[in-house]
Amino acid sequence: MSDTSSDRKYTRFSGRMVMVGFGSIGQGVLPLLLRHVDVSPSQISIVTADGAGQAEAEEYGVRFTVTPLRKGNYLSILDPMLSEGDFLINLSVDVSSVALAEFCRSKGALYLDTCIEPWSGQYTDASRSPSQRSNYALRQSALALREKYPDGPTAIFTHGANPGLVSHFVKQALLDIAKDTGVEAAKPRSREEWAHLSQRLGIKVIHIAERDTQVSPIPKATGEFVNTWSVDGFVGEGSQPAELGWGTHERHFPPDGQGHTTGSGCAIFLARPGASTRVRSWTPNEGPYHGFLITHGEAISLADYLTVRDGETVKCRPTVHYAYHPCNVAVLSLHELAGKNWQIQKAKRLMMDEISEGMDELGVLLMGHAKGAYWYGSQLTIDEARRLAPHNNATSLQVTVSVLSGVIWAIENPDRWVTEPEEMDFERILEIARPYLGTMTGVYSDWTPLLDRGLLFKEDLDEDDPWQFKNFRVV
């Protein structure tokens, strides 16, 4: 192993750790926890819905139990496993994040997840409105815990790669742009100061701009969904409404757009699945591309965090959303899924050891400032990922190292109760994560969504302001 994957112990943990869910992310997180947290395998237990990963758990001497958690049994199963000072790491699907966080508070245990997950079936429950199935609503349910309880042990919501790590990328990118455009600014210390810095820089749009080019020599079969991370997780979020933080500069409300009647109103949703909604974006290696506007928590929490207010009046807010081009076979899988009216394929395959080449280029694209567009993020190849950590590909490692850094931060800050990524110390998170992220780079570009448009066919564009959502959207 190289120096970038040294065995440095960042912190010590004396309690018990329970990992709920042990798919690709759980299997990738476990060796990193044992490498960088002073904790023994005997302190860790895994509770998961199936036998996937049992061999990996046995490799590290960790207790492994196959018991699907449901609304009717999770309390009785987890109650004897957790007490004050312990830690529950939720990497599951179909298990309520809010229910687990509330349970952890009752036990005095720490909590972390990578997304706000509902109980099984709620993503696609047709009896619930699109607003009720949205990540906006899920975030509201998590934030409501602050009102229900005044304090508690740290419970970190949505700290994977995205949502999670990308919010720390945004803070670093804002500081980079300020420095490179001659805007004098001390490092912000509060939510309000970060929002005012974004406003001063003229940030209108933030994309989580990701291009996954990992490939396998095994072709996708008919009736098979192939992906580089959780198939069920991707299908679940792809079937939710497309969501985006809605900026104050926007002047063309989408004809299929709808707002929410509760909360801050920082985001809107489109009356269609995110996996059928495409947007234009840009990354350094790929250049211009069409990505899917998959709903993600950071589109909402970042937009809310960077909102400048005067009392109750919103003065400035950027538009924020995901622009995701997954690996090519995942695109084919989505195409087939949509053709079957969002009924998932019978066969599922997670690309891991079979990957032959490629990288995951994951970053944030900040647009509208004096230098146009700035992408900051991770360019991690499959070869680097394999050299740095076992049981990971390039996509999963960007997630697992964010889980690791979030766990360490929670141990170091154990009494913060409900916490979103934007409220954490971005420098500490990046210090821990950076050695596992391949090439970290910041690149300026003169790209806009108007580049080369209208050459073959006339298009309905707003040429006065390239940063309007209608210019990004693919119709």
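Reckoned from all heavy atoms, side chains included, excluding hydrogens, waters and symmetry mates.
- In terms of heavy atoms, L138 sits closest to Q240 at CD1-NE2, 4.2 Å.
- Aromatic ring centroids of W282 and F472 lie 6.0 Å or more apart.
- S402 places no side-chain N or O within donor-acceptor distance of the main-chain N or O of V399, the cut-off being under 3.5 Å.
- Between the OG1 atom of T213 and the CG atom of N328 there is a distance of 8.5 Å, given to the nearest 0.5 Å.
- The residues D425 and K171 are annotated as not salt-bridged, no charged nitrogen and carboxylate oxygen being separated by less than 4.0 angstrom.
- The closest side-chain donor-acceptor pair between T295 and E243 falls under 3.5 angstrom.
- Two residues are said to be in side-chain contact when any heavy atoms from C-beta on lie closer than 4.5 Å; V403 and I89 meet this criterion.
- Side-chain N or O atoms of S333 include one that pairs as donor or acceptor with a backbone N or O of V226 at under 3.5 Å.
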Give the intermediate values and the outcome of side chain to side chain donor-acceptor pair (under 3.5 Å) for residues S167 and E298. CA-CA 7 Å; S167 293; E298 76 273 11; over 6 Å; no

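- Using a distance-only test at 3.5 Å, with no hydrogens or angles considered, a donor-acceptor pair links the side chain of N393 to the main chain of S396.
- Salt bridge absent: R105 and E102 never bring a charged side-chain N and a carboxylate O closer than 4.0 Å.
- Between F22 and the options L30, T65, L91, a side-chain contact (heavy atoms from CB on, under 4.5 Å) holds for only L30.
- Side chain to side chain, E354 and S216 meet the donor-acceptor criterion of an N or O pair below 3.5 Å.
- Y74 and F103 have perpendicular rings, their planes meeting at more than 60° on a 0 to 90° scale where under 30° would count as parallel.
- When the options Y322, Y324, F234 are evaluated for a ring-ring contact (aromatic ring centres under 6.0 Å, His included) with H296, the one that passes is Y322.
- Between S378 and T439 there is no side-chain heavy-atom pair separated by less than 4.5 Å.
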Side chain to side chain donor-acceptor pair (under 3.5 Å) for T381 and D383? Distances and angles first, verdict last. CA-CA 5 Å; T381 68; D383 291 336; 5.2 Å; no

Step by step, would you call F157 with Y111 a ring pair (Phe, Tyr, Trp, His ring centres under 6.0 Å)? CA-CA 8 Å; F157 286 91; Y111 174 82; 5.7 Å; yes

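- With rounding to the nearest 0.5 Å, the separation of CG in D38 from OG1 in T11 is 8.5 Å.
- In this structure, K220 pairs ionically with E336, as a charged nitrogen and a carboxylate oxygen lie closer than 4.0 Å.
- Salt-bridge formation is detected for the pair R139/E420: a Lys NZ or Arg NE/NH1/NH2 atom is positioned less than 4.0 Å from an Asp or Glu carboxylate oxygen.
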The test is side-chain contact (heavy atoms from CB on, under 4.5 Å); show your working for L112 and N90 and say whether it passes. CA-CA 6 Å; L112 177 142; N90 180 15; over 6 Å; no

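- Between W194 and F426, the two ring planes are perpendicular [angle over 60°; tilted spans 30° to 60°].
- Side-chain contact between L437 and L380: absent, with no pair of heavy atoms (C-beta onward) separated by less than 4.5 Å.
- Residues Q343 and N341 have side chains that never bring a donor and an acceptor to within less than 3.5 angstrom of each other.
- Donor-acceptor pairing under 3.5 Å is recorded for the side chains of S83 and R16.
- Residues S276 and W342 share a closest heavy-atom pair of CB-CZ2, 3.8 Å.
- Between L32 and A389, the closest heavy-atom pair is CD2-CB, 4.0 Å.
- Distance alone, capped at 3.5 Å, is enough to place a donor-acceptor pair between the E224 side chain and the A221 backbone.
- Side-chain contact between N162 and L362 is present, with heavy atoms from C-beta onward closer than 4.5 Å.
- In this structure the side chain of V166 never reaches within 4.5 angstrom of the side chain of V170, judged on heavy atoms.
- Residues K348 and L350 are not in side-chain contact: their nearest non-hydrogen atoms beyond the backbone lie 4.5 Å or more apart.
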Check the pair L306 / I203 against side-chain contact (heavy atoms from CB on, under 4.5 Å), numbers first and verdict last. CA-CA 10 Å; L306 296 178; I203 306 300; over 6 Å; no

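- A salt bridge links E423 and R146; the closest N-O separation between the charged side-chain nitrogens and carboxylate oxygens is under 4.0 Å.
- Counted by atom type alone, H325 and H290 present zero donor-acceptor pairs between their side chains at under 3.5 Å.
- Using a 3.5 Å distance cut-off with no hydrogens or angles, the side chains of S301 and D304 do not pair a donor with an acceptor.
- For the residue pair T395 and D360, a side-chain donor N or O sits within less than 3.5 Å of a side-chain acceptor on the partner.
- Looking only at side-chain heavy atoms (C-beta outward), C266 and R317 come within less than 4.5 Å of each other.
- For the residue pair A433 and V401, the shortest heavy atom distance occurs at CA-CG2, 3.5 Å.
- Between H159 and H168, the two ring planes are tilted [angle within 30° to 60°].
- A salt bridge links D256 to R473: one of the charged nitrogens lies within less than 4.0 Å of a carboxylate oxygen.
- Between the side chains of R416 and T154, no donor N or O sits under 3.5 Å from an acceptor N or O.
- The line from CZ of R63 to CD1 of I44 is 10.5 Å long, rounded to the nearest 0.5 Å.
- Side chain of R133 to backbone of R128: a donor-acceptor contact under 3.5 angstrom is found.
- Panel note: side chain Q43, backbone F13; a donor-acceptor pair is recorded below 3.5 Å.
- The closest side-chain donor-acceptor pair between T283 and E361 falls under 3.5 angstrom.
- Rounded to the nearest 0.5 angstrom, D86 CG and S45 OG are separated by 9.5 Å.
- Salt-bridge annotation for D79 and K107: present, with a side-chain N of the basic residue lying under 4.0 Å from a carboxylate O of the acidic one.
- Under the 6.0 Å cut-off for aromatic ring centres, Y436 and H36 qualify, their centroids lying closer than that.
- Of the N and O atoms on the side chains of S131 and Q258, not one donor lies less than 3.5 Å from an acceptor on the other residue.
- Side-chain N/O atoms of S24 and Q27 include no donor and acceptor closer than 3.5 Å.
- Within the 3.5 Å criterion, the main-chain N or O of P68 finds a donor-acceptor partner in the side chain of N73.
- Without hydrogens or angle criteria, Y289 side chain to E210 main chain gives a donor-acceptor distance under 3.5 Å.
- Put simply, the side chain of M367 does not reach to within 4.5 Å of the side chain of W375, judged on heavy atoms.
- Smallest separation of non-hydrogen atoms from P284 and Q379: CB-NE2, 3.8 Å.
- By the neighbour-count criterion of 12 heavy atoms within 6.0 Å, atom CG of D415 is densely surrounded, having more than that number from other residues, nucleotides or ligands.
- Shown here for C327 and Q214, the closest heavy-atom pair between the two residues is CB-O, 3.5 Å.
- Checked by atom type and distance alone, the side chain of K9 pairs as donor or acceptor with a backbone atom of L34 at under 3.5 Å.
- Between the side chain of S120 and the backbone N or O of D94, no donor-acceptor pair lies under 3.5 Å.
- No hydrogens or angles considered: a donor-acceptor pair under 3.5 Å links the side chains of T400 and N392.
- Ion pairing between E412 and R428 holds under the 4.0 Å rule for side-chain N and carboxylate O.
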